[in-house]
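Values in this document were obtained by computation on a predicted structure and should not be read as measured data.
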Amino acid sequence: MRPGGRVLHLDTLARLRRAQRTPLPVLRLPVPEGMTTPLGCDAVAMPAHYGPSIMSRLPRLGCVYADAAHWWWLVPADSDHALEWPAPARYTAGAVVPDVPELPELIHRPDGTLPYTPPIPLYLTLCRVTGTTPAWSRPVSA
């Protein structure tokens with residue numbers, strides 16, 4: 001019992017602890033002015049140390065964003081359909097950038113009006129740099 005006669009229960013302490021956390025706002029990668037997203041927009045992130053290697057291997061780049069921890073590529077919505085993006089890639093629907101205090105910086109903007117990096121070449125490049133076999137090339141077990 002505390003001085004003053006009030007008893008603090010474990011659930012009260014847990015609730016107080018949760019209340020102390022301030023969740024970061026949900027941020028989305030912005031599509032640059034003058035660009036359109038007729039196919040919707042998702043994003044794929046990789047740790048920053050992979051970024052230059054990935055960019056140099058892709059034949060075509062869409063919008064690429066970077067911060068100290070990750071590089072992000074805009075892809076058409078649902079580019080995760082039937083694909084297992086290789087770890088440590090992070091796929092986010094709606095181009096949401098989780099757990100960051102501010103938006104990453106746009107480091108590449110393509111010519112034209114579409115912000116997308118083609119997802120299949122990006123997927124294959126991520127598989128190559130991470131040493132992952134693409135899902136469709138793996139042996140099927142009975």
Query raised in the report: Between Val129 and Ile120, is there a shared hydrophobic cluster once you connect ILVMFWY residues whose side-chain heavy atoms come closer than 4.5 Å?
Result: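 Per the 4.5 Å side-chain linkage, Val129 and Ile120 are co-clustered.
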Query raised in the report: Do Leu29 and Leu114 belong together in a cluster built from hydrophobic side chains that touch within less than 4.5 Å?
Result: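 Shared cluster, no.
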Report task. Kindly determine whether Cys63 and Val31 satisfy side chain to side chain contact (heavy atoms under 4.5 Å, CB included), including the steps that lead there. Result -> CA-CA 8 Å; Cys63 289; Val31 174; 6.0 Å; no
Requested in this report: Scan residues 109-128 for pairs that pass salt bridge (Lys or Arg N to Asp or Glu O under 4.0 Å), counting only residues two or more places apart or in two chains.
Outcome: none
Query - Of all pairs that satisfy salt bridge (Lys or Arg N to Asp or Glu O under 4.0 Å), the ones with a partner from residues 67-88, not counting sequence neighbours - result: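 Found Glu84-Arg138.
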Kindly give the heavy-atom pair with the smallest separation between [X] and [Y], and that separation in Å.
X	Y	value
Val64	Leu61	CG2-CD2, 4.3 Å
Cys127	Pro86	N-CG, 3.8 Å
Thr92	Pro98	CG2-CD, 4.1 Å
Leu74	Ala95	CD2-CB, 3.9 Å
Leu122	Ile54	CD1-CG2, 4.0 Å
Met35	Pro110	CE-CG, 3.5 Å

**Report entry** For Thr132, all residues meeting side chain to side chain donor-acceptor pair (under 3.5 Å), sequence neighbours excluded
**Finding:**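 Side chain to side chain donor-acceptor pair (under 3.5 Å) check on Thr132 returns Thr130.
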Query raised in the report: Is it true that a side-chain atom of Thr133 and a backbone atom of Ser137 form a donor plus acceptor pair closer than 3.5 Å?
Result: no
Query raised in the report: So, the side chain of Thr125 versus the backbone of Pro121: is there a donor-acceptor pair under 3.5 Å, distance only?
Result: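 The answer is yes, because a donor-acceptor pair under 3.5 Å joins these two groups.
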**Report entry** ring pair (Phe, Tyr, Trp, His ring centres under 6.0 Å) contacts in which one or both residues fall within residues 92-125, not counting sequence neighbours
**Finding:**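 Non-adjacent pairs meeting ring pair (Phe, Tyr, Trp, His ring centres under 6.0 Å): Trp85-Tyr123, Tyr123-Trp136.
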Report summary line: Residue pairs meeting ring pair (Phe, Tyr, Trp, His ring centres under 6.0 Å), one or both in residues 27-71, sequence neighbours left out, come to His70-Trp72
Requested in this report: Any side-chain hydrogen bond (donor to acceptor under 3.5 Å, both in side chains) involving residues 52-61? Give me the pairs, sequence neighbours left out, ordered by first then second residue.
Outcome: Ser53-Arg57
Report task. Provide the full list of side-chain hydrogen bond (donor to acceptor under 3.5 Å, both in side chains) pairs with a residue in residues 26-47, sequence neighbours left out, each pair given once. Result -> Asp42-Tyr91
Query raised in the report: Should Pro76 and Cys41 count as side-chain neighbours, where that means a heavy-atom distance under 4.5 Å?
Result: no
Query raised in the report: Below 4.5 Å, heavy atoms only, C-beta onward: do Met46 and Leu126 meet side chain to side chain?
Result: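 A side-chain contact under 4.5 Å exists here.
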